[in-house]
Undergrad: 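Sending over a structure as structure tokens; questions will come in a sec.
Predicted, not measured: the structure shown is a model, and the values here were computed from it.
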Amino acid sequence: MTKYVAWALAGLMLTTFGNAMASPEMVRKYNCTACHAEDKKKYGPTYQQVALKYANEEGAAEKLAKKIQTGGVGVWGNTPMPAQPRVTDEDALEIARYILSVK
């Protein structure tokens with residue numbers, strides 16, 4: 001029983017740590033804030049707009065993580081999203097989860 005409690009606590013700690021990383025500090029680390037903000041339009045869409053657009057889409061976090069790394073154009077008009085290949089797979093997924101959590 002103690003073994004299971006230890007595993008549960010370890011999982012809780014990892015979840016808490018992951019949630020702490022999915023924060024405004026991470027989007028600043030990768031300079032996402034140069035083009036995006038939570039609720040004010042800059043060069044790209046706001047995090048609120050992105051969260052609303054993908055709110056009911058299955059696999060949205062994974063899709064956005066890939067978009068962060070590869071970039072693209074056409075989803076939000078003709079303004080291109082430059083590729084961000086230096087963002088790790090793990091960090092891209094955490095950033096995407098954070099963006100999707102912005103209300």
Undergrad: So, using side-chain contact (heavy atoms from CB on, under 4.5 Å) as the criterion, who are the partners of Pro80 when residues are at least two apart?
TA: Tyr43, Val73
Undergrad: Would you mind listing every salt bridge (charged side-chain N to carboxylate O under 4.0 Å, His left out) that reaches into residues 34-54, with sequence neighbours excluded?
TA: none
Undergrad: Minimum heavy-atom separation for Ala96 and Ala65, please, with both atom names.
TA: CB-N, 3.8 Å
Undergrad: State plainly whether one hydrophobic cluster holds both Val27 and Val102, where clusters connect Ile, Leu, Val, Met, Phe, Trp and Tyr through side-chain heavy atoms under 4.5 angstrom apart.
TA: yes
Undergrad: Using the side-chain hydrogen bond (donor to acceptor under 3.5 Å, both in side chains) criterion, which residues pair with Tyr30? Sequence neighbours excluded.
TA: Asp91
Undergrad: Can you list everything that forms a salt bridge (charged side-chain N to carboxylate O under 4.0 Å, His left out) with Glu57? Sequence neighbours excluded, please.
TA: Lys63
Undergrad: Should the pair Tyr47 and Tyr98 be assigned to parallel (<30°), tilted (30 to 60°) or perpendicular (>60°) ring geometry?
TA: perpendicular
Undergrad: Starting at CD1 of Ile95, measure out to CG of Leu64 and round the result to the nearest 0.5 Å.
TA: 11.0 Å
Undergrad: Show every side chain to side chain donor-acceptor pair (under 3.5 Å) that has at least one partner inside residues 64-79, sequence neighbours left out.
TA: Gln69-Asp89
Undergrad: Is there a side-chain contact between Met81 and His36 (heavy atoms, below 4.5 Å)?
TA: yes
Undergrad: Testing the basics here: between Ile99 and Ala51, what is the closest heavy-atom pair and its distance to 0.1 Å?
TA: O-CB, 3.4 Å
Undergrad: To check you understand the geometry: which heavy-atom pair defines the closest contact between Leu100 and Val50, and what is its length?
TA: CD2-O, 4.3 Å
